[in-house]
Amino acid sequence: LSASIPRGYLASVTHHWGAWFIDRARAMLDGRWRPTRFNGNLGDGTVRLEHVAGDVSPVIAADIERRRAAIVAGRLHPFDGPLRDSEGRLRVTDGRVSDAGIERMDWLVDGVTGALPR
């Protein structure tokens, strides 16, 4: 395999929306439901970082866990500027990209290899 072709994974991101959907269904049945926007995240448990690959070094695995915990605690925000795209252009100078801004992103961040469908 070419060095540029991935041969495995580093970690898995999994989604756990069951409790959220059950709560929405109960609210609907009880007459409490109101339409709201909700984006799940690591902090509320609807998104989890799991299954760090066995060939990831213990030092890197510990760093991944520290960063995950910092995101959950609100000390680390992956979409805080400055952010460069995968071609090196500065896309966000400072501040935080909102959820709506993330949904509109049509570029890959620095360090991500690939292309978005056009």
Could you give all pairs that pass the ring pair (Phe, Tyr, Trp, His ring centres under 6.0 Å) test and reach residues 34-69, with sequence neighbours left out?
Trp17-Phe38, Trp20-Phe38

Could you pull out all residues at least two apart from Ser86 that satisfy side chain to side chain donor-acceptor pair (under 3.5 Å)?
none

For the CZ atom of Arg48 and the OG atom of Ser12, what is their distance to the nearest 0.5 Å?
13.0 Å

Give, for atom CE of Met105 and atom CG of Leu83, the distance between the pair rounded to the nearest 0.5 Å.
7.0 Å

For Val97 and Val92, the nearest pair of non-hydrogen atoms, with its separation, is CG2-CG2, 3.7 Å

Donor-acceptor pair, distance only, cut-off 3.5 Å: does the side chain of Asp30 make one with the backbone of Arg32?
no

Can you tell me how far apart CG (Asp106) and CZ (Arg91) are? Round to the nearest 0.5 Å.
6.0 Å

Considering all heavy atoms, the nearest Pro82-Leu90 contact:
CB-CD1, 4.0 Å

By side chain to side chain donor-acceptor pair (under 3.5 Å), which residues pair with Arg34, not counting sequence neighbours?
none

Working to the nearest 0.5 Å, report the span between CD1 of Ile102 and CZ of Phe79.
4.5 Å

Set of salt bridge (charged side-chain N to carboxylate O under 4.0 Å, His left out) partners for Arg67, sequence neighbours left out
Asp63

With a 4.5 Å limit on heavy-atom distance, are the side chains of Leu108 and Leu116 in contact?
yes

Side-chain donor-acceptor pair under 3.5 Å between Thr14 and Glu50, yes or no?
yes

Can you list the other members of the hydrophobic cluster that holds Leu10, where links are side-chain heavy atoms under 4.5 angstrom apart?
Val13, Leu42, Val47, Leu49, Val52, Val56, Ile60, Ile64, Ile71, Val72, Leu76

Report, one line per pair, each donor and acceptor closer than 3.5 Å where one atom sits in a side chain of residues 21-29; sequence neighbours left out.
none

